[in-house]
Participant: 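For reference, the structure I am asking about is given below.
Whatever order the structure lists them in is the order used to number ligands and atoms, beginning at 1.
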Amino acid sequence: MTSAISSSLAAVRQRLAAAEAAAGRAAGSVCLLAVSKTFPADAIQEAYDAGQRAFGENYVQELQAKSAELAGLDIEWHFIGPLQSNKTRPVAELAHWVHSVERLKIAERLSAQRPESLPPLNVCLQVNVSGEESKSGCAPHEALALARAVAALPRLRLRGLMCIPEPTADQARLAQQFALLHGLRDEMAAQGMVLDTLSMGMSSDLELAVREDSTLVRVGTAIFGSRTYPA
Ligand SMILES: *Cc1c(COP(=O)(O)O)cnc(C)c1O
């Protein structure tokens, strides 16, 4: 019997494959991160049973609870939410990736707190591509200096850049904001920094993100359904 989650996961995988093909990208070149925030461990287990391995969480407490509950599974945990400096330790200990590094102090703490028994923590810098006051992320003009500083930390591995564009249905504006992140990545590459990850695209705009060279889309609603409490 197929669960609701396994069929929505299959539908998202099809969308992703179609987006890769439409953008002239290789099949499988974009990773799918299943954003499980607000959903229980059972929902993650269902997606896992359908072959999904990478899951994204926004809240430290949820990461702690679900990673403990699902400790027997080989899940790759991605922390994608805002991170306060007094909450870095559990993230450094439990996550495989952090997408939301926006200032050096947080990166330094994650590096210092990453257990020696684990490989370096994969990180992306979150960039505020929309310029909205309320948005997390470093300013685009700060990204290069921050990337250099983060890349020098011993227990982190800088993998790339992440953005959350403005909540708008205006495709041209969204494309512009994705392109800004893509351009920053290219600028860093020109300076010799090898970044293999552009974390951009969500349930409603993954096709557009894939066209702008996304390598990882973060999809919640389209897999798990709508969330019952706001993020
Ligand atoms: C919640 C969230 C997502 C998933 O958004 P959906 O629209 O539900 O796909 C992706 N990225 C981040 C950072 C989020 O907080």
Side-chain angles (χ1 to χ4, degrees), residues 4-16 18-19 30-40 43-44 46-47 50 52-63 65-66 75-84 87-88 91 95-103 106 110 122-130 132 134-138 143 159-171 173-175 177-178 180-182 197-212 214-231:
I5 288 173
S6 75
S7 45
S8 22
L9 189 57
V12 169
R13 290 197 178 284
Q14 278 195 342
R15 266 178 76 187
L16 196 52
V30 183
C31 303
L32 174 61
L33 179 67
V35 177
S36 42
K37 66 180 177 204
T38 81
F39 289 94
I44 295 177
E46 277 185 44
Q52 181 66 30
R53 290 295 178 269
F55 292 88
E57 290 289 341
N58 281 57
Y59 307 101
V60 176
Q61 270 182 309
E62 286 194 49
L63 173 66
K66 293 178 214 175
I75 288 179
E76 184 177 88
W77 293 105
H78 293 236
F79 188 80
I80 62 174
L83 189 49
Q84 309 299 319
K87 298 270 183 66
T88 51
V91 174
H96 300 84
W97 283 71
V98 176
H99 293 232
S100 45
V101 171
E102 56 170 357
R103 54 200 170 95
I106 298 291
L110 289 170
N122 298 295
V123 299
C124 292
L125 306 184
Q126 184 173 354
V127 181
N128 182 353
V129 292
S130 66
E132 295 163 281
S134 59
K135 261 297 158 50
S136 305
C138 71
R159 298 294 297 266
L161 305 174
M162 178 272 233
C163 74
I164 306 173
E166 190 183 337
T168 173
D170 183 335
Q171 300 293 295
R173 284 183 77 92
L174 287 171
Q177 293 172 19
F178 288 142
L180 198 162
L181 201 71
H182 181 181
T197 302
L198 275 183
S199 167
M200 58 186 199
M202 310 196 283
S203 291
S204 61
D205 56 17
L206 72 89
E207 285 83 2
L208 200 53
V210 168
R211 226 180 295 158
E212 287 297 335
S214 169
T215 68
L216 183 153
V217 293
R218 309 177 309 267
V219 178
T221 310
I223 296 173
F224 295 106
S226 43
R227 292 177 287 272
T228 51
Y229 62 91

Participant: Going by atom types only, do S6 and E46 share a side-chain donor-acceptor pair under 3.5 Å?
Facilitator: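 No.
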Participant: Under a 3.5 Å threshold, yes or no: a donor from one side chain and an acceptor from the other, between E132 and S130?
Facilitator: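 The answer is yes; a qualifying pair exists.
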Participant: Check ligand 1 against N58 and write out every atom of the ligand that is under 4.0 Å from a heavy-atom position of the residue.
Facilitator: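 Every atom of ligand 1 under 4.0 Å from some heavy atom of N58: 14 (C), 15 (O).
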Participant: Can you list the atoms of ligand 1 that are under 4.0 Å from a heavy atom of G220?
Facilitator: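 Answer for ligand 1: 4 (C), 6 (P), 8 (O), 9 (O).
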Participant: Heavy-atom distances under 4.0 Å are what count here, so tell me which part of H99 touches ligand 1: side chain, backbone, both or neither.
Facilitator: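 Neither; nothing of H99 gets under 4.0 Å from ligand 1.
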Participant: Compare all side-chain heavy atoms of F178 with those of S214 and state whether any distance is below 4.5 angstrom.
Facilitator: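 The answer is no; the side chains never approach within 4.5 Å.
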Participant: List ligand 1 atoms under 4.0 Å from R218, heavy atoms only on the residue side.
Facilitator: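 Numbered from 1, ligand 1 contributes 4 (C), 9 (O), 10 (C), 11 (N), 12 (C), 13 (C).
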Participant: Geometry only, no angles: is R227 polar-contacting ligand 1 at N/O separations under 3.5 Å?
Facilitator: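 Yes; at least one N/O pair falls below 3.5 Å.
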Participant: List ligand 1 atoms under 4.0 Å from V219, heavy atoms only on the residue side.
Facilitator: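 In order of number, 9 (O).
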Participant: In terms of atom number and element, which parts of ligand 1 are under 4.0 angstrom from non-hydrogen atoms of I164?
Facilitator: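 Those of ligand 1 that fall under 4.0 Å from I164 are 13 (C).
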Participant: Does a side-chain heavy-atom distance below 4.5 Å link E76 with F55?
Facilitator: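 Side chain of E76 against side chain of F55, heavy atoms only: no contact under 4.5 Å found.
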Participant: Hey, are Q52 and R13 close enough side-chain-wise for a donor-acceptor pair under 3.5 Å?
Facilitator: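 Judged by distance alone, the side chains do pair up.
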Participant: As an exercise, identify every atom of ligand 1 less than 4.0 angstrom from a heavy atom of I80.
Facilitator: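 Going through ligand 1 atom by atom, the ones under 4.0 Å from I80 are 11 (N), 12 (C), 13 (C), 14 (C).
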Participant: Within the supplied structure, the quantity of interest is the number of heavy atoms (other residues, nucleotides, ligands) at a distance under 6.0 Å from R53 CZ; does it exceed 12?
Facilitator: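 Result for CZ/R53: enclosed.
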Participant: For ligand 1, note which part of T221 has a heavy atom under 4.0 Å away: side chain, backbone, both or neither.
Facilitator: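 For T221, backbone and side-chain atoms both sit under 4.0 Å from ligand 1.
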Participant: Centroid-to-centroid, H78 to H99, below 6.0 Å?
Facilitator: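 Between H78 and H99, the centre distance is under 6.0 Å.
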